[in-house]
Amino acid sequence: MEYEDIRVTKGDPAAIIMIDRPKVLNAIRYRTMLEIQDALNDMASDDAVRVVVLTGAGDRAFISGGDISIMSRGAGYVETLAEVPRGQAIATEIENFPKPVVARINGVALGGGTELAMCCDLRIAVDTAIMGLPEITLGIIPGYGGTQRLPRLIGMSKAGEMILLGEPVSATEAFRVGLLNRVVPASELDREVEKVCARLSEMSPVALHMAKAAMNSGIQADLRTGLEMEARCFSLTFGTEDRVEGMKAFLEKRKPQFKGY
C-alpha cells in the first residue's frame, strides 16, 4: 500500500509509525487506520522489529481526533454501522499486536487520539499533552473503543466524567488517574521513549507476546478464566529456547540473549 497519511521508519530496536497529516493536526480518517494496519502487518513478520512506536508528526499533536471535515459529510446509520466496526477491529489489532506498542504522545491526543493511545501497551507523553474524549460535544460518542477501554483502564467514575462531560485532562491528570505511564518535558520525550524501547527489546519476544495475551484476555474475563489463560501462556513460555536462555543467564549471572523462539 502507498501511504498518504503515515510515515514508517524502521530502526533498532523500534519501528516508528508516524501519523503525518499536519494540516488537520494529525486527525485520522478510515484510510489512516488502513495504513496503520498495513504497516503493522509488515512489522509483525519482521524479526528485526522488536518494538513499535506510534506517534504524530510535529510537536503540536499526537492525533487531534477524527477528521471532522470527513465525518460531517452526512453518513447515515447504515453506512456508519458498516464502517465503524472495521475501524474498531484495526484498533483491536494494535492492542493485540504480538510485539509491544508504545505511544509517543507529543501533543494533543483527543477523541481517536486517546482511543488509539489506549490500544498501546505503554503511553509516554510530553508534559504539555492534553487527552480526552470530547465526542459528546459534537453530538456523538467515541466509536473506536473509548467507551469500553477507558472505564477498564481508569475506572467507571473518572471515565464517565471524561466521556459524559467531554472535558479534556492535562498530562499530569492523565498520569494521576492511570491513563498515562510516564510524563516528561518535551526535551526528554525522545530519550524516554528510546529508553523504554531499549528495555523492551532486551526481553524475550515470546514472553512479551504471552504476557500481552494473558493481560488482554484476562481483563475481559472473570478471574477464573483469566487464570486459566495465564496458565496456558505461562506453560507456552516453558517450551521456548528463550526460557532456557533466560534461566541459564540468571544462574550464570550474565545478561540473557533472547532470540524470540
Side-chain angles (χ1 to χ4, degrees), residues 3-6 17-21 24-41 52-56 61-97 101-123 125 129-154 156 158-169 174 178-180 212 216 219-220:
Y3 298 147
E4 294 180 10
D5 294 1
I6 69 172
I17 299 175
M18 179 177 288
I19 315 302
D20 188 15
R21 303 188 73 214
V24 289
L25 290 179
N26 303 327
I28 57 173
R29 53 181 175 167
Y30 185 54
R31 180 181 177 87
T32 316
M33 299 295 288
L34 292 174
E35 291 183 8
I36 292 172
Q37 181 184 46
D38 185 79
L40 287 175
N41 287 340
V52 175
V53 174
L54 182 65
T55 191
F62 170 67
I63 298 168
S64 61
D67 192 330
I68 306 301
S69 66
I70 294 175
M71 290 194 291
S72 65
R73 291 175 186 170
Y77 170 79
V78 174
E79 182 182 349
T80 303
L81 187 60
E83 184 174 292
V84 170
R86 295 196 293 267
Q88 290 177 334
I90 296 171
T92 300
E93 285 185 36
I94 299 172
E95 184 175 56
N96 294 327
F97 192 65
V101 182
V102 177
R104 174 189 175 273
I105 302 172
N106 51 308
V108 173
L110 296 174
T114 287
E115 289 179 300
L116 291 195
M118 287 191 291
C119 295
C120 299
D121 300 297
L122 297 171
R123 291 164 292 279
I130 297 174
M131 302 189 75
L133 297 173
E135 287 89 343
I136 201 82
T137 66
L138 301 173
I140 59 174
I141 69 170
Y144 276 2
T147 64
Q148 303 306 303
R149 289 190 176 91
L150 191 61
R152 286 172 167 82
L153 189 61
I154 68 173
M156 184 65 81
K158 185 63 179 180
E161 178 183 319
M162 290 179 64
I163 293 169
L164 299 180
L165 296 180
E167 295 176 348
V169 297
L179 182 52
L180 291 174
K212 285 189 61 170
N216 289 343
I219 194 66
Q220 300 184 52

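Residues Leu179 and Leu153 have side chains in contact (heavy-atom distance under 4.5 Å, counting atoms from C-beta outward). In this structure, Ile163 and Leu150 have side chains that are in contact, with non-hydrogen atoms separated by less than 4.5 Å. Considering only heavy atoms from C-beta on, Leu110 comes within 4.5 Å of Ile130 through its side chain.
Between Glu115 and Pro142, the shortest heavy-atom contact is OE2-CB, 3.3 Å. Closest approach of Lys212 to Asn96, counting heavy atoms only: NZ-C, 4.3 Å. In terms of heavy atoms, Tyr30 sits closest to Ile90 at CE1-CD1, 4.5 Å. Heavy atoms only, all atoms of each residue included: Arg21 and Ile28 are closest at NH1-C, 4.2 Å. Nearest heavy-atom pair, Tyr144 versus Arg149, reported as atom, atom and distance to 0.1 Å: O-NH1, 3.5 Å. Nearest heavy atom pair, residue Leu116 against residue Ala91, reads CD2-CB, 4.2 Å.
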Next on the checklist: With side-chain contact (heavy atoms from CB on, under 4.5 Å) as the criterion, how do Val24 and Arg29 come out once you've worked through the C-alpha distance, each side chain's angles and the decisive distance to 0.1 Å?
Outcome noted: CA-CA 11 Å; Val24 289; Arg29 53 181 175 167; over 6 Å; no
Checklist entry - Could you walk me through whether Asn41 and Glu93 pass the side-chain contact (heavy atoms from CB on, under 4.5 Å) check? => result CA-CA 9 Å; Asn41 287 340; Glu93 285 185 36; 4.1 Å; yes
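We find the CD1-OG1 distance between Ile141 and Thr147 to be 5.5 Å, quoted to the nearest 0.5 Å. The distance from the CG atom of Asp67 to the CG atom of Leu25 is 10.5 Å, given to the nearest 0.5 Å. Taken from CG in Leu54 to CZ in Phe62, the straight-line distance is 4.0 Å, to the nearest 0.5 Å. Between Ile105 atom CD1 and Thr55 atom OG1 the span is 8.5 Å, to the nearest 0.5 Å. With rounding to the nearest 0.5 angstrom, the CD atom of Glu35 is 5.0 Å from the CD1 atom of Ile6. Atoms CZ and CE, on Arg152 and Met118 in that order, are 11.0 Å from each other to the nearest 0.5 Å.
At least one donor-acceptor pair closer than 3.5 Å links the side chain of Asn106 to the backbone N or O of Ala61. Between the Arg31 side chain and the Asp5 main chain, no donor and acceptor come within less than 3.5 Å of each other. With hydrogens and angles ignored, the 3.5 Å screen pairs no side-chain donor or acceptor of Asn26 with any backbone N or O of Ser64. Distance alone, capped at 3.5 Å, places no donor-acceptor pair between the Glu135 side chain and the Gly166 backbone. Listed for the Thr114 side chain is no donor-acceptor partner under 3.5 Å among the backbone atoms of Met131. Checking side-chain atoms of Arg123 against main-chain N and O of Ala117 turns up a donor-acceptor pair under 3.5 Å.
Side-chain N/O atoms of Tyr3 and Asp20 include no donor and acceptor closer than 3.5 Å.
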